[in-house]
Asks: 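Just passing along the structure, written as structure tokens.
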Amino acid sequence: MKITKLTLWDVPLTAHETYYMADGKTCDDTPSVILCIETDTGLQGWGEYCAIPGYLPAYWRGTAPAVEEMAPVLLGADPIGPAAVMDRLNAYLQGHPYAKSLIDMALWDLTGKAANLPLYTLLGGRMVADMPVYHSITCVAPEEMARMARDAQDQGITQFQVKLGADADWQADVERLKAVRAEVGAGPLFYGDWNCGASALEATRVGRAVRDLDVMLEQPCATIEECAHVRRATGLPMKLDETAHDIPTLLDGHAKGCMDAVALKLSKFGGISVIRAAREMCLIQGTQMCIEDCWGSDITTAASLHLAASTPARGLMNTCDLNHYVAPRIAPDAPVRQDGRIAVPEGPGLGITVDDAVLGAPAHIF
Ligand code: 0XW
Ligand code: MG
């Protein structure tokens with residue numbers, strides 16, 4: 001089989017509810033880059049990358065030039081065996097994990113379709129029947145966030161991500177965490193996520209004020225060192241996200257004792273092939289995994305679900321149904337959450353059907 005054509009579309013995604021994070025970051029309107037890799041057999045593979053402005057060292061307009069740069073390695077290559085193709089791409093162009101992620105996703109989709117097997121089988125086999133999803137709550141007034149948590153809990157959600165730091169008021173963050181815990185009661189797992197937006201001092205003050213709430217802190221500060229300091233000063237468990245983005249940073253987070261949990265996001269690491277290795281490390285280190293992507297619609301969601309479904313339950317904290325938060329749906333047959341859990345698609349490859357009508361005109365063809 002040979003790759004004959006790469007087509008990219010820019011599909012604007014709109015969040016159903018305004019989504020505020022620290023440092024003024026939002027993902028209300030974000031273009032998602034969709035890739036179709038075509039082959040001489042007629043089989044197609046699909047990938048997606050959606051950039052949240054300021055979230056990663058990446059921007060959506062940068063995706064197409066990076067894919068174009070890698071096109072000479074891809075065109076004419078045999079797509080079966082994604083890790084081998086990615087190895088050649090990594091030798092050709094260092095870095096650019098966001099652009100590699102959607103390529104790697106499409107190669108895995110093609111490989112699964114050629115084998116007539118769902119991706120979770122190629123990734124080790126199905127380990128869990130279905131997966132818990134967490135619900136992410138935008139950083140607004142505490143009572144409003146508590147209402148959102150209640151609504152999600154009424155729909156069966158048992159894990160919550162509470163966004164913090166949008167108004168740089170550490171006492172408001174304390175109130176947010178208190179209000180959500182009071183609303184959902186004891187038991188549900190919940191974590192406050194600053195997206196790097198707090199100083200170690202602010203995060204420590206918040207953590208100490210909510211010490212009795214059974215809360216996990218997520219990525220308070222911009223470096224692993226500061227997060228480790230907050231972990232030590234508060235005694236609260238910590239999830240790393242932005243600063244854990246490759247194998248060396250996973251080793252560092254573990255060595256510094258501040259990685260009780262971690263977000264394995266596809267485009268942060270560079271795709272399914274890298275996350276496969278990262279997940280083995282987390283299993284060995286005993287780190288709880290959230291397997292997901294940064295943002296996106298049905299294609300990124302489906303890729304996350306296949307990785308999550310092939311992860312042993314002892315290491316899988318949750319996954320994220322990004323397709324729950326945005327419109328339009330790009331593959332309307334992709335799974336959606338039900339009673340706080342989500343299933344994995346059963347068809348070959350990613351197991352979803354992309355709706356051409358939603359894509360519009362291609363932005364680039366290589
Ligand atoms: C990347 N987000 C803003 C979207 C996902 O819901 C998770 C969240 C995060 O930063 O963890
Ligand atoms: Mg996060």
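Whatever order the structure lists them in is the order used to number ligands and atoms, beginning at 1.
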Asks: Set out, in order, the CA-CA distance, both residues' side-chain angles and the distance that settles ring-ring contact (aromatic ring centres under 6.0 Å, His included) for Y19 and W295, then state yes or no.
Replies: CA-CA 12 Å; Y19 190 80; W295 203 243; 5.2 Å; yes
Asks: For atom 7 (C) of ligand 1, what's the nearest protein heavy-atom neighbour? Residue, atom name and distance, please.
Replies: Y134 OH, 2.9 Å
Asks: Considering only the protein, which heavy-atom contact is closest to atom 9 (C) of ligand 1, and what is its distance?
Replies: K163 NZ, 3.1 Å
Asks: Do D104 side-chain atoms and S273 backbone N/O form a donor-acceptor pair below 3.5 Å?
Replies: yes
Asks: Taking all non-hydrogen atoms of both residues, which atom of L250 and which atom of F269 are closest, and how far apart?
Replies: CD1-CE2, 4.0 Å
Asks: Checking ring-ring contact (aromatic ring centres under 6.0 Å, His included) between H135 and each of Y191, F160, F190, Y325, which is the one that passes?
Replies: Y325
Asks: Taking only non-hydrogen atoms of Y55, do any sit less than 4.0 angstrom from ligand 1?
Replies: yes
Asks: For E242, which part has a heavy atom under 4.0 Å from ligand 1: side chain, backbone, both, or neither?
Replies: neither
Asks: Only to 10 degrees, please: what angle do the OD2 atom of D241 and the OE2 atom of E218 make about the Mg ion (ligand 2)?
Replies: 100°
Asks: Is a side-chain N or O of K268 found less than 3.5 angstrom from the main chain of C294, in a donor-acceptor match?
Replies: no
Asks: Under 4.0 Å from any heavy atom of D241, which atoms of ligand 1 are there?
Replies: 9 (C), 10 (O), 11 (O)
Asks: Report, in ascending order of atom number, the atoms of ligand 1 lying under 4.0 Å from any heavy atom of W295.
Replies: 4 (C)
Asks: Donor-acceptor pair, R181 side chain versus G185 backbone, under 3.5 Å?
Replies: yes
Asks: Should the pair K239 and Y134 be classed as cation-pi, given the thresholds of under 6.0 Å to the six-membered ring centre and 45° from the axis?
Replies: yes
Asks: For ligand 1, which atoms, with element, lie under 4.0 Å from some heavy atom of E218?
Replies: 11 (O)
Asks: Would you say the Mg ion (ligand 2) has D193 as a near neighbour, meaning an N/O/S atom of that residue under 2.8 Å away?
Replies: yes
Asks: Between D193 and ligand 1, is there a nitrogen or oxygen pair with a distance under 3.5 Å?
Replies: yes
Asks: Between the side chains of S310 and R279, does any donor sit under 3.5 Å from an acceptor?
Replies: yes
Asks: What protein heavy atom lies closest to atom 4 (C) of ligand 1? Include the residue and the distance to one decimal.
Replies: C294 O, 3.3 Å
Asks: Under the side-chain contact (heavy atoms from CB on, under 4.5 Å) test against P328, which residue among D298, V11, T14 passes?
Replies: V11
Asks: So for K25, does at least one of its heavy atoms come nearer than 4.0 angstrom to any atom of ligand 1?
Replies: no
Asks: Note the single closest protein heavy atom to atom 11 (O) of ligand 1, along with its residue, its atom name and the distance in Å.
Replies: Q161 NE2, 2.8 Å
Asks: At the 4.0 Å heavy-atom cut-off, does Q219 count as touching ligand 1?
Replies: no
Asks: Quiz question: by atom type and distance under 3.5 Å, do the side chains of D241 and Y55 form a donor-acceptor pair?
Replies: yes
Asks: With atoms numbered from 1 as shown, which atoms in ligand 1 lie under 4.0 angstrom from a non-hydrogen atom of Y19?
Replies: 2 (N), 3 (C), 4 (C), 6 (O), 8 (C)
Asks: Between I137, T138, I52, N195, which one has a non-hydrogen atom sitting closest to atom 10 (O) of ligand 1?
Replies: N195
